[in-house]
There are 4 protein chains.
Amino acid sequence: MIIRLDMQSDVPIYTQLMNQIIEGIASKQLAPGEYLPSVRSLASDIGVNLHTVNKAYTLLKQEGFIQIHRQKGVVVNPDGMPGITPDYQHKQEAQLRPVIAEAICRGMDKAELLRIVESFYDEITQEPKENA
Amino acid sequence: MIIRLDMQSDVPIYTQLMNQIIEGIASKQLAPGEYLPSVRSLASDIGVNLHTVNKAYTLLKQEGFIQIHRQKGVVVNPDGMPGITPDYQHKQEAQLRPVIAEAICRGMDKAELLRIVESFYDEITQEPKENA
Amino acid sequence: MIIRLDMQSDVPIYTQLMNQIIEGIASKQLAPGEYLPSVRSLASDIGVNLHTVNKAYTLLKQEGFIQIHRQKGVVVNPDGMPGITPDYQHKQEAQLRPVIAEAICRGMDKAELLRIVESFYDEITQEPKENA
Amino acid sequence: MIIRLDMQSDVPIYTQLMNQIIEGIASKQLAPGEYLPSVRSLASDIGVNLHTVNKAYTLLKQEGFIQIHRQKGVVVNPDGMPGITPDYQHKQEAQLRPVIAEAICRGMDKAELLRIVESFYDEITQEPKENA
DNA sequence: GTGGTCTAGACCACC
DNA sequence: GTGGTCTAGACCACT
């Protein structure tokens with residue numbers, strides 16, 4: 001899978017990394033049970049610090065997206081993804097509301113906004129299953 | 001308008017403030033041309049430093065949501081809100097994609113996601129015009 | 001003469017006022033010996049505070065552009081404009097250098113910059129001598 | 001590069017700093033991709049508060065002259081300088097007109113003014129590439 | 001009284 | 001060690 005990082009963004013690298021991996025799973029480029037690169041190799045591949053990759057992996061593990069086995073490596077959680085918990089719903093609301101509010105301010109009507117969300121949804125789910 | 005801040009959140013206070021004000025405008029609790037509290041009074045009202053409020057106001061001004069008139073105070077931009085610029089679209093995509101990707105991972109189908117977005121849209125636009 | 005003020009600009013009103021009057025003199029819309037409106041009437045005409053107009057007039061007087069006669073009013077200096085003093089040259093350099101440096105940074109070549117300066121020069125000196 | 005600040009000037013320190021850095025770029029004393037001192041070291045070097053330097057850097061970043069990489073430092077924008085946008089042209093006019101108008105008032109003819117502008121242009125572009 | 005600027009000093013996130 | 005954020009408190013320019 002191709003990882004794209006924007007070193008100039010104000011979004012922390014480890015967050016971008018998490019997002020990319022989550023999008024990889026969502027698009028089925030990464031399947032449950034599939035191995036991810038080791039912390040070391042990924043870090044050297046994308047040219048970031050070990051700690052940064054480690055932090056991303058640790059947080060993904062905490063949220064249940066991946067499992068980290070000492071010595072054996074990192075796999076996409078073979079037991080399936082975490083579900084829609086109340087905690088997640090709150091987090092999602094906190095992320096979504098400001099985006100929606102700004103869209104309203106800027107004069108985007110509901111149909112247009114839904115069209116955009118739908119198109120991203122389709123774009124992600126229809127991404128080609130290429131392996132990197 | 002009632003401002004709610006979460007001092008424990010990792011979202012900077014000035015960002016929370018910006019979001020609240022933008023949602024206030026989106027919900028028409030704040031109308032174009034309406035005055036916002038002065039930096040100092042708002043700061044003391046919500047119990048933060050005046051520089052924090054100042055930063056939120058300055059950023060909102062840069063994005064075109066409000067105007068800051070020297071020595072007269074701060075008003076919601078009476079010339080209307082900023083439009084849907086390419087810059088904004090990129091920012092919106094960067095905000096939206098990770099949220100959508102995580103929703104997909106967690107097994108939320110498209111209809112459910114659109115339902116949620118729509119319900120927030122309605123919730124914001126239909127908030128009662130109460131003054132605080 | 002028509003005075004245009006931008007209340008949203010970060011340039012102080014009194015400075016804008018000074019600039020407008022200086023441009024009025026430069027364009028010969030205001031001739032040496034000609035009377036300017038009183039502080040009171042100008043202030044009410046353009047909708048600003050008395051003190052603001054007063055400050056602009058006082059500074060213009062200090063620089064030698066106008067004379068203020070108690071009771072009789074304010075006139076464009078009939079003895080002619082101030083000349084090109086060393087002080088003025090320093091001020092001009094301080095104003096000009098940053099503008100030129102930024103133009104260079106943005107890739108504006110010398111001919112283009114000179115063309116722009118020349119066009120403003122012409123625009124000001126050729127403004128119609130209308131009276132307001 | 002040598003930074004000169006006038007603490008007595010009514011021009012804010014952060015603005016003077018911005019101007020100096022822009023002139024440094026214009027004169028090629030600072031090349032795209034080159035690192036600038038850290039906020040803290042520059043602040044202590046020139047004897048101002050780190051917030052003042054931070055403000056200058058942040059504004060320069062917003063205008064596209066520099067990039068701020070989290071935890072890595074500040075570099076002159078390696079992707080090149082911002083171009084000549086309509087916004088910039090308006091700003092430039094607002095800066096230039098008053099200077100030109102005053103020059104006209106004081107009896108400076110067009111040739112003389114153009115000569116001065118040209119000489120500053122040459123002075124900036126021909127500054128020796130000395131490192132400090 | 002308003003926002004703008006500056007200082008001083010602290011803690012945190014990131015790498 | 002880097003920038004980012006927040007606090008506290010001061011002075012100033014402007015209206």
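Quick caveat: nothing in here was measured; it's all calculated off a predicted structure.
Rounding to whole angstrom units, CG of residue A:L17 and P of E:dC14 are separated by 13 Å.
No more than 12 heavy atoms of other residues, nucleotides or ligands shown are found within 6.0 angstrom of NE2 on C:H51. Atom NE2 of A:H90 has 12 or fewer heavy atoms from other residues, nucleotides or ligands within 6.0 Å.
Counting only heavy atoms from C-beta outward, the side chains of C:I22 and C:L60 approach each other to under 4.5 Å.
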> What string of B, S and - do you get for nucleotides 3-11 of chain F, 5' to 3', if B is base contact, S is sugar-phosphate-only contact and - is no contact with any protein heavy atom under 4.0 Å?
Replying inline: BBBBBBB-B
>> Evaluate C:I46 against C:I3 for side chain to side chain contact (heavy atoms under 4.5 Å, CB included), listing each step before the verdict.
In response: CA-CA 7 Å; C:I46 58 182; C:I3 302 280; 4.0 Å; yes
> What's the verdict on side chain to side chain contact (heavy atoms under 4.5 Å, CB included) for B:N54 and B:Y14, showing C-alpha distance, side-chain angles and the deciding distance?
Replying inline: CA-CA 8 Å; B:N54 198 13; B:Y14 73 89; over 6 Å; no
>> For a side chain to side chain contact (heavy atoms under 4.5 Å, CB included) check, start with the C-alpha distance between B:M81 and B:I25, then their side-chain angles and the critical distance, and finish with the verdict.
In response: CA-CA 9 Å; B:M81 291 296 107; B:I25 298 172; 3.9 Å; yes
>> Dot-bracket for DNA chain F, please. Rules: Watson-Crick or G-U, both distances under 3.5 Å, ( ) within the strand, [ ] when a pair crosses earlier ones, | for another strand, . otherwise.
In response: ||||||||||||||.
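In this structure, A:N19 has no side-chain hydrogen bond (donor to acceptor under 3.5 Å, both in side chains) partners at least two apart in sequence or on a different chain.
Using modelled atom types, one finds a donor on one side chain and an acceptor on the other under 3.5 Å when comparing B:Q62 with D:Q62.
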